[in-house]
Amino acid sequence: IMSGPGGQAPRAAKVRNKTPAEIQITAEQILREAKDRQEPELFVPPKQKITDPQELKSYQLGKRKEYEDKIRKNRNLTSHWYKYSAWEES
């Protein structure tokens with residue numbers, strides 16, 4: 001629990017103008033506007049070129065760790081299991 005100076009609970013700010021606004025905005029409108037104003041993600045990860053067997057082993061180890069961490073975090077999400085198995089088969 002947050003407390004103010006002297007260990008007291010903070011007071012809520014008083015609302016001075018309680019009349020409704022002429023134009024009412026819903027939470028859905030605010031979210032839609034925020035989504036429209038969002039810039040699209042432009043980041044594209046660089047392509048990896050694997051040149052030797054040691055680099056391949058290192059890449060595979062990293063991918064396995066990534067998939068196993070995802071599975072460890074949410075064991076019941078089968079999409080992670082399917083993606084991991086599809087990657088292992090390829």
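What's counted below: heavy atoms across the whole structure, side chains too, no hydrogens, waters or symmetry copies. The model shown is predicted, which means the values in this text are computed figures rather than measured ones. Note that the numbering runs from 1 along the sequence shown for the chain.
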J.: Could you give the side-chain donor-acceptor pairs of residues 83-90 under 3.5 Å, partners two or more places apart or in another chain?
T.:
{"from": "Tyr84", "atom 1": "OH", "to": "Glu68", "atom 2": "OE2", "distance (Å)": "2.7"}
{"from": "Ser85", "atom 1": "OG", "to": "Trp81", "atom 2": "O", "distance (Å)": "3.3"}
{"from": "Ser85", "atom 1": "OG", "to": "Tyr82", "atom 2": "O", "distance (Å)": "2.9"}
{"from": "Glu88", "atom 1": "OE1", "to": "Arg64", "atom 2": "NH2", "distance (Å)": "3.3"}
{"from": "Glu88", "atom 1": "OE2", "to": "Arg64", "atom 2": "NE", "distance (Å)": "2.6"}
{"from": "Ser90", "atom 1": "OG", "to": "Trp87", "atom 2": "O", "distance (Å)": "2.8"}

J.: Using a 4.5 Å cut-off between side-chain heavy atoms of Ile, Leu, Val, Met, Phe, Trp and Tyr, which other residues end up in the same hydrophobic cluster as Leu61?
T.: none
J.: Can you name the side chain to side chain donor-acceptor pair (under 3.5 Å) partners of Ser79, sequence neighbours left out?
T.: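 So Ser79 forms no side chain to side chain donor-acceptor pair (under 3.5 Å) with any residue.
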J.: Any idea which heavy atoms bring Pro20 and Gln24 closest together, and the distance?
T.: CB-NE2, 3.8 Å
J.: Which side-chain N or O atoms in residues 69-78 pair as donor and acceptor under 3.5 Å with protein atoms at least two apart or in another chain?
T.:
{"from": "Asp69", "atom 1": "OD1", "to": "Arg72", "atom 2": "NH1", "distance (Å)": "2.6"}
{"from": "Asp69", "atom 1": "OD2", "to": "Lys65", "atom 2": "NZ", "distance (Å)": "3.3"}

J.: Taking everything shown except Lys57 itself, do over 12 heavy atoms lie less than 6.0 Å from its NZ?
T.: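 No, not enclosed.
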J.: Tell me, please, which residues at least two apart from Glu41 pass salt bridge (charged side-chain N to carboxylate O under 4.0 Å, His left out).
T.: none
J.: Counting only heavy atoms not in Gln29, do more than 12 fall under 6.0 Å of its CD?
T.: yes
J.: Would you list the atom pairs, donor with acceptor, under 3.5 Å between side chains in residues 42-56 and any protein atom, with sequence neighbours excluded?
T.:
{"from": "Thr51", "atom 1": "OG1", "to": "Glu55", "atom 2": "OE1", "distance (Å)": "2.9"}
{"from": "Asp52", "atom 1": "OD1", "to": "Glu55", "atom 2": "N", "distance (Å)": "2.9"}
{"from": "Glu55", "atom 1": "OE1", "to": "Thr51", "atom 2": "N", "distance (Å)": "3.4"}

